[in-house]
Every structure is written in C-alpha cells, then in structure tokens.
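Please read all numbers here as calculations on a predicted model, not as lab measurements.
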Amino acid sequence: MKEKVAFLLLFLFSGTGIFAQNSDPVLMKINGVEIKKSEFEYIYNKNNAADAADQKGLDEYVDLFTNFKLKVIEAESQGLDTLSSFKKELAGYRRQLSQPYMEDKDVEDAFAKEVYNRMQENVDISHILVRLPQYYTVKDTLDAYNRILEIRSRVVGSKKNKAEDFNAVAKEVSEDPSAETNSGHLGYITAFSTVYPFETAAYNTPVGQISMPVRTMFGYHIIKVEGRRPNPGEVLTSHIMVGTPREADADTLAKAHAKIDSIYNLVINGTMTFADAAKKYSDDPGTSVNGGELPWFGVGRMIKEFENTAFSLKKGEVSKPFKTAFGYHIMILNDIRPLGSYDEKQNEIKATLPRSDRFADMKNEIANKLKKIYHYTPDAQGLQAMITLGSANEKIDSVFFAKAGTMDGKLFSLEDQNYTQNQFAYYIDKNRASNKLTPSDYLTEKYDQYVNAAVSEYKEQNLEKMYPDFANLMREYHDGILLFEISNREVWDKAAKDTQGLEKYFDNNRNDYNWPKPRFKGFVISCADKNIQQEADKLAKVTPSDSLTKVLTTKFNLNGNTNIKVEKVLVPQGENKAVDCFGFKTADKKDYQAPEKLPYVFVIGKILKTGPESYQDVKGLVTSDYQNYLEEQWLKYLKAKYPVEINEEVLKTVQ
C-alpha cells in the first residue's frame, strides 16, 4: 500500500487547478473517449513549473499524458474499475479527500471569532437551576419552565414584592448540588468554561442583571452577572498541598492547617526553596516531583478557590495558606502570559470546537445553509402521518417500525431527490437514542436530525458537481489507481515473475552487463574457532550455493549462539577486505583484521573476469531493463489497439 500511495503522489499534487466553465473543447480522443482541454490543463499545470513551457516541452507532455490515458483505458477494458477491491479503495480515498470540502469555513470562522471575542472578557456569575429528568415529557418541560419563572420573580422583584437576595434563594431552591456550599456563585467563566447556551446567556446579560430562563441539557437556569473583567490571560503556578479527606474532622483539619503553616514559614523565611519544599512535603504526587509546577491554565480550568488565588498573585509572590476540597495549599506564581491575538489562538480554538457542545449549533447552521442551496422542501403531511402512527401506538417500538417500513409517502425533497417515510423509519431504527418520551417529541427531534444528515449526505454525494477541483482530484485518483494496477499486471509483477523472459532478455543483451574489471562471486564465511572453520570449509565445497547459507547457519548456530556468519558477495577488488585478502589475494593477510568474535575467516567462490554468469548476478539491473522493454512493447500494442486523435488547434491554446 505504501508503494501505491507513493506512486499515486507522482501524479497527484495539492492545488486547485484550472477548470473551464464556459468553453471546454475536446483536446483529444482515445478509442473514441473524449478528453477535454480542462482535464489536460489541470494535470499539465500541476506537474510543470509555473513558467510557461515551450512547445517542445508541451509536445513531450502530450506524449506522456497520452501514454497514461492509454493504460487507463486498457485497465477499464479489462474491467479493473468494476472490481470490488478497486471500488473500496477509491471510496476510501474519496472519504479522505472529501473532508475539507464538507467543512464550511465561513461558519467555522464565525464561531471561532465569537469564542475569541468572549475570551477577551471574564464574566463573574451566579445561577439557579431547575433540573429536568433524564427522560422528559412536554409537561415536565413546561413545569420546569414555570418554576424557574416563579423563582426569577422572587429575585427580580415587582411593584408588590421586594427582590430577594439571589444567592440566598439559590442556596434555598437551586438544584445544582454545589449551591449548598457556594450559594449559586460559580465565579468567573470564559468561553468553553460552561455549556454553550449557558455561556451565551451569561455574556449577553449586563452586570447586575438577571437573565431570562435559559435551557441547557441540565434543565432551566437563571443567571445573575456579578461582574466583568478583562481576561487576565494564563498563569504558570506551583503549589504544595497537604491533603485532607473530604469528611475530615476538626482535629484532622487543624493538623493539616498547622503543617501547611510550617511549610509556608520555611519557604517565606528562605529556609527552603518552594520547589524543594514541594518535592519533600507536597501530597500531590503528580506535581511534587516537578517542584509543584502545574501546566499553564486560564479561567475556568481549576476549582474556584485555586483559580481565585492564582489570579490574585503577582509574579514571584507566594500565597498564604488556603483551603480547597482537596486540602490546604500554598502557591507561587511563576509566570503570566496575556491572551494571544486571534491569529495566534484561532488554530487552538478551531481544534476545540468539534469537542465542544457548540459544535451541534455549528452543524445546524451549516445544515440550514445547505437547505437553502438544495431547495429543501418539507412535506408536513408526510411527517404528520408518522407522528399520528407513533401516537396511536403510544410508543416507538417494533410495531411502529413494522408499519412505518411500509409507508412510502414523501417526507421532504432536496433538489430533485425525494426522501420517504420508510427511509426516515430506517434512519430512526439506526439512531434511536433520545431523551424525549412522547412519540410526537421524539419523531420531531429525529426528523430534524434526519434532515441535517440528509443534506450533509447529499452534499457529499454531489461534491464533484459543486467543486470542479474535487472532480479533477477524484478523476486523478481513479486513473492513478487503475494505472498502478494495470502497470503491475502488465509490467512490474510480470517482469519480476517471468524468469524465462528475464533469462532470455539477459542472453540477448549480455554485453550490456559486462563490467570493466573482474568481480569475485561467492561467500565470505567467518567462524568462531579453527575446528568450525575446517568443518565449514569441507561442507561448503560440497553444498550448492543457493542453500549454503541455510546449511551452515543451521548446523553451527545452535542454542542462540552465533558461531558462524555467511555473507554472499559479488564485488570487484577494493570493496571487501576479506575478498581482497582471500579471494583476489591482492592484500596481505597480516593487514586483514577479522571480526573479534568470529576471527577465523575464509572465502569460497570464483573470479568472473568479464561479466556475470547469469542474469541472477545482475538481477536488479536486468529486471529494471526488462520492465522498460515490456513497457515499450506494451505501449506499441496499446497504440495499435486504440486510435489516438489530437486536436492541434486546441492544443495551441493550452496555457
């Protein structure tokens, strides 16, 4: 597979290419198959320098392109494009190539810029939550909404009733478990700190005001904005922790407090550096080995007490002991860095978007744009019929799917393609997850999901129509895969396996492989001791060369010990010291330094004075030359089989 990818990359380069929109004349015909000027220009411009080539260079490229297309047409005539393996491979490439085209840069940029704009400011908030059950009905939703409105009226007040303290009410009624200890005060947030609808409501509410109810996956919230501040950036801190159990008694807490105080005094008085104290005393095993240092973090990344302390310090300042749910800490601020520019942060933001809950909103916005492009037209009666079926059945179960599977009424259309009720039923069956209880709510939610999935799939199926450069790219991969397969069959693999053909080609062209000076053909054999050398020498003289290595190593290399090494060689004088010494005998044996662990060395073989004995001696060269020969013969056959017509007038207009 790696070889095939490398081969394809010779033809496939990144780039947009040129695609004629108005006038795209036929440049050539091969066996009656029309090849447009745009296809040739696209590949020609991608495979040549930006400077205009002369006519000679263009003519040479026409020959290369023609040969390329002849091979592809031959591959198609052999049915290689109908093989399941080809279709699977091309589909795999298409999935990879289509990904950038399935994105919407405008929508992505808009969401990324919104994130960055919000990152420039932190919002200090409190909230009250009324939860929804995991599976809920319309009544559950309405009850929760009315309840949060009642709570809001208490904290906002009216002409008749004075506004109650938000945090006191939060502690009393909020269904966020943390409200019992924080009275609803969450502290500062920034983009990505909370779920997207909550974040949006917080940023859109003025300081001192209370938002209208906002719905999230948890239920309904009201949010009070306590304050705003410019983003202080990120901090690099180290800390020392004396851990305490969550339900620690007063005596345990007092001992922990006393210990952190003593560590604090050691650091403040200069008796120990902060890093040394962290290594010796900190109960946080993840950071103590590094002197207590934590990764860089910004707002919303740490628990509130830890974060508030970090952002209250000056660079180099050590905090006084403070408590969190994990125990007592002291902290030093090592460094601080401001929020980077949008250009610096956008890649990080865009990488985070797919992992955030706002990604669903991005997908919805993209789907809404595609609905307009593809003229999405719903059929209300089609959906209502399915809702009626589900409501009559009271639940979406096997009975519903059995009946819905027979319904073929229109549900909606995209361009000229209709989507039917039974197709929708099939989609639901494969994507059943939902927290909606009633059939009406369930089917309405699934309908929206199905439409979004359908417009995305419709776009993916029609990328070639929307993006000419994608169509060109897919044609290149289509032709490139076929070229590889047909070339492998007709030339490369054929040459490698055709021993008779290789031998015949070598015999007919033997003089082409003569060498300027003699070569030694044989083996260099290194042994652990004299006895092995003598026995190996005797055995080597009666053993065929093609099995010598296996015979000797099997006999002498026992129990994992290397007692003999056999090296096959075909070298001229001067390339192998052992051969020079024992084969050509042109070197002094005293100057030869044998391997330390295999010091007894001898050679067995012969000197070939003018050239190789057989094609096996130069198999790589012969195989390559034989491939070129087969290629030439094959192209002659293809040119005779498939007539080629080139429109010279159109060729003159190629740019």
**Item:** Whether over 12 other heavy atoms sit under 6.0 Å from Gln120 CD
**Value:** yes
**Asked** How many angstroms lie between CG in Leu129 and CD1 in Ile223, if you round to the nearest 0.5 Å?
**Response** 10.5 Å
**Request:** Kindly say whether Glu293 contributes a backbone atom to a donor-acceptor pair with the side chain of Asn290 at under 3.5 angstrom?
**Result:** no
**Message:** I need the minimum non-hydrogen distance between Pro197 and Thr216, along with the two atoms involved.
**Reply:** CB-CG2, 4.3 Å
**Item:** Pairs flagged by salt bridge (charged side-chain N to carboxylate O under 4.0 Å, His left out) wherever residues 317-343 is involved - sequence neighbours left out
**Value:** Glu234-Arg337, Lys315-Asp335
**Prompt:** Given side chains that start at C-beta, do those of Phe274 and Asn334 come closer than 4.5 Å, heavy atoms only?
**Reply:** no
**Partner residues of Arg301 under the salt bridge (Lys or Arg N to Asp or Glu O under 4.0 Å) criterion, sequence neighbours left out** = none
**Request:** Kindly give the heavy-atom pair with the smallest separation between Met212 and Leu149, and that separation in Å.
**Result:** CE-CD2, 4.3 Å
**Request:** Work out which heavy atom in Ala404 is nearest to a heavy atom in Ala425; give both atom names and the distance.
**Result:** CB-CB, 3.7 Å
**Asked** Any side-chain donor-acceptor pair under 3.5 Å between Asp441 and Thr444?
**Response** no
**Item:** Euclidean distance, Asn265 CG relative to Ile260 CD1, rounded to 0.5 Å
**Value:** 10.5 Å
**Item:** Sub-4.5 Å side-chain heavy-atom contact between Phe297 and Pro295
**Value:** no
**Message:** Rounded to the nearest 0.5 Å, what separates atom OG1 in Thr237 from atom CZ in Phe311?
**Reply:** 9.0 Å
**Request:** Please list all pairs passing the ring-ring contact (aromatic ring centres under 6.0 Å, His included) test where one or both residues lie in residues 351-370, with sequence neighbours left out.
**Result:** none
**Item:** Note, Asn308 side chain near Phe322 side chain (heavy atom, < 4.5 Å)
**Value:** no
**Item:** Gln449: side chain to side chain donor-acceptor pair (under 3.5 Å) partners, not counting sequence neighbours
**Value:** Lys446
**Prompt:** For the residue pair Gly243 and Asp283, what are the closest heavy atoms and their distance?
**Reply:** N-OD2, 2.9 Å
**Complete:** By side chain to side chain donor-acceptor pair (under 3.5 Å), Ser434 pairs with (sequence neighbours left out) Glu445
**Message:** Does any part of the side chain of Ser391, heavy atoms only, come nearer than 4.5 Å to the side chain of Thr388, both counted from C-beta?
**Reply:** no
**Request:** Decide if atom CZ of Phe401 counts as having more than 12 heavy atoms of other residues, nucleotides or ligands within a radius under 6.0 Å.
**Result:** yes
**Request:** Only counting residues at least two apart or in another chain, list the ones meeting salt bridge (Lys or Arg N to Asp or Glu O under 4.0 Å) with Asp251.
**Result:** Lys255
**Item:** Beyond-backbone contact of Ile303 with Phe326, side-chain heavy atoms, under 4.5 angstrom
**Value:** yes
**Asked** For Leu389, does its backbone N or O pair with a side-chain atom of Asn393 as donor and acceptor, under 3.5 Å?
**Response** no
**Flag, side chain of Asp357 to backbone of Val195, donor-acceptor distance under 3.5 Å** = no
**Prompt:** Do the side chain of Asn462 and the main chain of Lys465 share a donor and acceptor less than 3.5 angstrom apart?
**Reply:** no
**Message:** Please enumerate all residues that pass ring pair (Phe, Tyr, Trp, His ring centres under 6.0 Å) together with Tyr374, with sequence neighbours excluded.
**Reply:** Tyr458
**Request:** Could you tell me whether the side chains of Asn422 and Thr420 share a donor-acceptor contact shorter than 3.5 Å?
**Result:** yes
**Electrostatic pair Glu460:Arg94 at N-O distance under 4.0 angstrom** = yes
**Message:** So does Leu253 get a backbone contact from the side chain of Thr244, meaning a donor-acceptor N/O pair under 3.5 Å?
**Reply:** no
**Prompt:** Any side-chain hydrogen bond (donor to acceptor under 3.5 Å, both in side chains) pairs touching residues 122-135, not counting sequence neighbours?
**Reply:** Asn122-Arg229, Asp124-His185, Ser126-Asn167, Ser126-Glu226, His127-Asp176, His127-His221
**Message:** For Lys171, is the NZ atom crowded, meaning more than 12 foreign heavy atoms sit under 6.0 Å from it?
**Reply:** no
**Side-chain donor or acceptor of Thr205 paired with backbone N/O of Ile210 under 3.5 Å** = no
**Prompt:** Do you know which two heavy atoms are closest between Val318 and Leu313, and how far apart they sit?
**Reply:** C-CD2, 4.4 Å
**Message:** Classify the ring geometry of Tyr419 against Phe412: parallel below 30°, tilted from 30° to 60°, perpendicular beyond 60°.
**Reply:** parallel
**Donor on one side chain, acceptor on other, Asp140 and Thr137, under 3.5 Å** = yes
**Request:** Applying ring pair (Phe, Tyr, Trp, His ring centres under 6.0 Å), name anything that partners Phe470, two or more places apart in sequence or on another chain.
**Result:** Tyr101
**Request:** Mark yes or no for whether Ser413, through its side chain, and Asp416, through its backbone, hold a donor-acceptor pair below 3.5 Å.
**Result:** no
**Message:** Using 0.5 Å steps for rounding, measure from the OG atom of Ser174 to the CD atom of Glu180.
**Reply:** 11.0 Å
**Listed once per pair and sorted, the salt bridge (charged side-chain N to carboxylate O under 4.0 Å, His left out) pairs that draw on residues 144-156, sequence neighbours left out** = Arg147-Glu175, Arg154-Glu164, Arg154-Glu172
**Request:** Answer yes or no: is there a side-chain heavy-atom contact under 4.5 Å between Asp361 and Phe111?
**Result:** yes
**Message:** If you count heavy atoms of other groups shown closer than 6.0 angstrom to NZ of Lys304, is the number above 12?
**Reply:** yes
**Asked** Is there a side-chain contact between Ser238 and Thr287 (heavy atoms, below 4.5 Å)?
**Response** no
**Prompt:** Would you say the side-chain atoms of Ser456 pair up with the backbone N or O of Asn452, donor to acceptor, closer than 3.5 Å?
**Reply:** no
**Request:** Answer yes or no: is there a donor N or O on one side and an acceptor on the other, between the side chain of Ser319 and the main chain of Ile330, under 3.5 Å?
**Result:** no
**Prompt:** If you draw a 6.0 Å radius around CZ in Arg246, do more than 12 non-hydrogen atoms from other residues or ligands fall strictly inside?
**Reply:** no
**Message:** Please determine whether side-chain contact (heavy atoms from CB on, under 4.5 Å) holds for the pair Tyr447 and Met386, giving the CA-CA distance in whole Å, both sets of side-chain angles, and the decisive distance to 0.1 Å.
**Reply:** CA-CA 10 Å; Tyr447 174 80; Met386 298 197 73; over 6 Å; no
**Item:** Any residue meeting side-chain contact (heavy atoms from CB on, under 4.5 Å) with Leu266, in chain and number order, not counting sequence neighbours
**Value:** Thr271, Met272, Tyr281
**Item:** Rounded distance (nearest 0.5 Å) linking atom OG1 of Thr309 with atom NE2 of His329
**Value:** 9.0 Å
**Message:** Quick test of your reading: applying salt bridge (charged side-chain N to carboxylate O under 4.0 Å, His left out), list the pairs with at least one residue in residues 104-120, sequence neighbours left out, ordered by first then second residue.
**Reply:** Glu103-Lys105, Asp104-Lys369, Lys105-Glu108, Asp109-Lys350, Glu114-Arg118, Glu114-Arg358, Arg118-Glu199
**Request:** To the nearest 0.5 Å, tell me how far Arg228 CZ sits from Glu121 CD.
**Result:** 4.5 Å
**Prompt:** Are any non-hydrogen side-chain atoms of Tyr376 and Asn368 less than 4.5 angstrom apart?
**Reply:** no
**Smallest separation among heavy atoms of Val267 and Ala277, with atom names** = CG2-CB, 3.9 Å
